[in-house]
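Below, read A as the first sequence line, B as the second, and so on, with proteins coming before strands; counting in each chain starts at 1.
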Protein chains: 2
Amino acid sequence: MTAPMTLDDADNADAPAKPAGTQTLLRGLTLLECVAAGVGDVKGIAARLGTPRSTTHRMLTSLVAEGYLHHIPHKGYLLGSKLIQLGQKALEQRPLVAVARPRIEALARQTGDTVHLGVAEGDEVFYLDKIAGTRGLEMRSRAGLRMPLASTGIGKALMLGLDPARWAGLHARACPEESAAPATPADRPRPPPWPEFAARMADYAAWGWAFDLEENELGIRCVAAPVRDARGGVAGAISVASATPYMPDDRMRALGPLVRAAADAISCDLGWTAA
Amino acid sequence: MTAPMTLDDADNADAPAKPAGTQTLLRGLTLLECVAAGVGDVKGIAARLGTPRSTTHRMLTSLVAEGYLHHIPHKGYLLGSKLIQLGQKALEQRPLVAVARPRIEALARQTGDTVHLGVAEGDEVFYLDKIAGTRGLEMRSRAGLRMPLASTGIGKALMLGLDPARWAGLHARACPEESAAPATPADRPRPPPWPEFAARMADYAAWGWAFDLEENELGIRCVAAPVRDARGGVAGAISVASATPYMPDDRMRALGPLVRAAADAISCDLGWTAA
DNA sequence: ACGTATGTCTCATATAATGAGATAATTGGG
DNA sequence: CCCAATTATCTCATTATATGAGACATACGT
């Protein structure tokens, strides 16, 4: 931010030409992600990393010794328990998660539905926590999941804290194929066309909460509201989600103030003061 | 589970002399654990790793760039969201977790209490999952936690699948200070003395489930049962835990068969057949 | 304002990772 | 039951790689 900055940064994408001084470390991390992606055999990993078997194997052994990978002798590699531990610690270190926990648990009990907590990360919403509802249905979301901002309730609540100028771009990013197939394919839901989307966002901004009407997952509707921190910025968002039959229009309307109240309570815990 | 998995390097301690050819990677991982331990300032990290600021900073930047650390410009470093993601993936990759989920959720609903799922790892029990109960009380356990085998219900259930010859050793490991203070300090619970412990374990083995009578956490009792895999070995264990007032002796007794039934159901899902 | 801790670079050096290859152990299919 | 394929372990010469001292600018607490 000081003056002359010049080139680079901004939307540099992730160019391959970024020789930071830690090739070895980076390779090791890439290896972890490789295993996370389901590639568990030495050969496959070596191929994906472009390293010879020898080198690959050496890193693998180190990672296993440290507990980052789990090794099943002649079968392959899986992510190790150290990662579970660190992942959990990472969750605990976020003040937001710790603070929001009791509130969203209460909200889940109160509504009987599934409650999510998420933050914006880049162009996506990142799910930090989830309390399962008491209804029969299972939701296959999980902490650690990423989704386009504009296609989820939480994402739209998060967008309320962003510059409206970015809304159009984010909306576009959530629409897989803008062209062709004007008829409803029905199997892959998508956000409404831009003009309508913008109109709804305006409503949501006025209300202080947002809806998702099966735009992300068919059969799932949700009501979301943003959480703000001490500086007044949007620090995250929560949502109550359930199957459509449990979510008629009038319940959605009733849920709005409720979800917002819970979100505001978390905001207060974070030092936020209404303005 | 490749039964003899524990014999490998069990008592190897963690000798410092382990020149596996990947110093850089190992340092990076140590750095992560350092941040996990709460050391978030550059100076502290550098001190703990024994690396100069320059080197430390370089690794830090790489780790941040990859999302393994989160950087708050002039405040410090926290574990990043990539770790949350990997941790969650690690959980999903364990068939046990995926398979047990619905069962332990049902058990939690049915009993109203907190349900845990864990596996043996070395001399400890490693918690893989937790479903919070619907009673008011909060249990501060979490997935990713480690505890001595002999001081928890789940641990004792897991021990049922181990060679009884190891029981004494594990029992000893769970007793902090064998000597001194024979009077009950009362603030730090511990397992019963060995002869009694052994006797109880024999009972548990016969019943197919195990108890924990406030031996780990004062005021918390639990009932646990082992889960077996296709080869018949103990692959994990589940437990139902609650505050003592909710867990009078007769309820514990009634819970035994119930917990065992749930555990057996999971075992069946894993391909186990009664023998 | 001052002092301290951090963010960002550069560069000569040798340390530390590399990768080819040779060998043994294991698996699974025909 | 043997063969082919994959994996598990090593060694070792080579140099690419990470290292660490230091210079400088910038933010922070008090």
Side-chain angles (χ1 to χ4, degrees), chain A residues 1-10 12 16-32 34-35 38-66 69-78 230-231, chain B residues 1-5 7-9 12 16-32 34-35 38-66 69-78 80 231:
Chain A
M1 326 330 219
T2 4
M5 235 2 358
T6 64
L7 50 103
D8 89 341
D9 74 29
N12 190 9
K18 247 278 174 102
T22 45
Q23 177 207 83
T24 311
L25 218 198
L26 270 321
R27 279 216 256 206
L29 301 180
T30 309
L31 201 162
L32 286 183
C34 197
V35 176
V39 183
D41 59 313
V42 182
K43 195 146 217 179
I45 297 172
R48 263 178 90 136
L49 292 198
T51 50
R53 283 214 327 289
S54 185
T55 303
T56 310
H57 196 272
R58 181 165 0 123
M59 293 194 289
L60 246 5
T61 338
S62 291
L63 256 0
V64 168
E66 295 297 308
L69 288 181
H70 181 75
H71 182 42
I72 302 170
H74 278 267
K75 301 272 285 176
Y77 295 82
L78 292 176
R231 271 164 319 208
Chain B
M1 326 327 21
T2 58
M5 173 196 290
L7 69 84
D8 55 359
D9 51 331
N12 189 10
K18 248 280 178 100
T22 46
Q23 180 206 85
T24 310
L25 217 197
L26 270 322
R27 279 216 253 203
L29 301 181
T30 309
L31 201 161
L32 286 183
C34 198
V35 175
V39 184
D41 60 311
V42 182
K43 196 147 216 175
I45 296 171
R48 262 179 91 137
L49 292 198
T51 49
R53 284 217 329 288
S54 185
T55 304
T56 310
H57 197 275
R58 182 168 359 133
M59 292 194 290
L60 246 5
T61 340
S62 291
L63 257 0
V64 169
E66 295 298 307
L69 289 180
H70 182 75
H71 182 42
I72 303 169
H74 278 267
K75 301 273 285 178
Y77 295 81
L78 293 175
R231 269 161 318 206

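For B:Arg58 and D:dG20, a side-chain-to-base donor-acceptor distance below 3.5 Å is present, hydrogens and geometry of angles not being considered.
One finds no side-chain N or O of A:Thr55 lying less than 4.0 angstrom from the OP1 or OP2 phosphate oxygen of C:dT18. At the phosphate of C:dA17, OP1 or OP2 sits under 4.0 Å from a side-chain N or O atom of B:Thr24.
Summarising the geometry, the separation between CG on A:Leu49 and P on C:dA17 is reported as 17 Å, rounded to the nearest angstrom. In this structure, B:Arg27 places its CZ atom 13 Å from P of C:dT15, rounding to the nearest Å. Rounded to an integer number of Å, the gap from A:Leu25 CG to D:dA18 C1' is 11 Å. As a whole-Å value, the separation of B:Met59 CE from D:dG20 P is 9 Å.
Of the inter-residue distances, the one linking B:Leu25 atom CG with B:Thr30 atom OG1 reads 9.5 Å to the nearest 0.5 angstrom. Atom-to-atom distance recorded for A:Arg53:CZ and A:Ile45:CD1 is 13.0 Å, nearest 0.5 angstrom. Here the CG atom belonging to B:Leu63 is positioned 8.5 Å from the CG atom belonging to A:Leu26, to the nearest 0.5 angstrom.
A pairwise comparison of heavy atoms in B:Gly76 and B:His71 identifies O-ND1, 3.5 Å as the closest pair. Smallest separation of non-hydrogen atoms from A:Met59 and A:Leu49: CE-CD1, 3.9 Å. Smallest separation of non-hydrogen atoms from B:Ala46 and B:Thr56: CB-OG1, 3.5 Å.
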Kindly indicate, with the supporting measurements, whether the criterion side-chain contact (heavy atoms from CB on, under 4.5 Å) is fulfilled by A:Leu69 and A:Leu31.
CA-CA 10 Å; A:Leu69 288 181; A:Leu31 201 162; 4.0 Å; yes
A correct 5'-to-3' footprint of nucleotides 7-15 of chain D, with B, S and - meaning base, sugar-phosphate only and no protein heavy atom under 4.0 Å, is SBBB-----
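Summary for the helix from C:dA1-D:dT30 to C:dA14-D:dT17: the axes at its two ends, each from 5 pairs, differ by 20° when rounded to the nearest 10 degrees.
Looking at A:Thr22 and B:Ser62, their side chains do bring a donor and an acceptor atom within 3.5 Å of each other.
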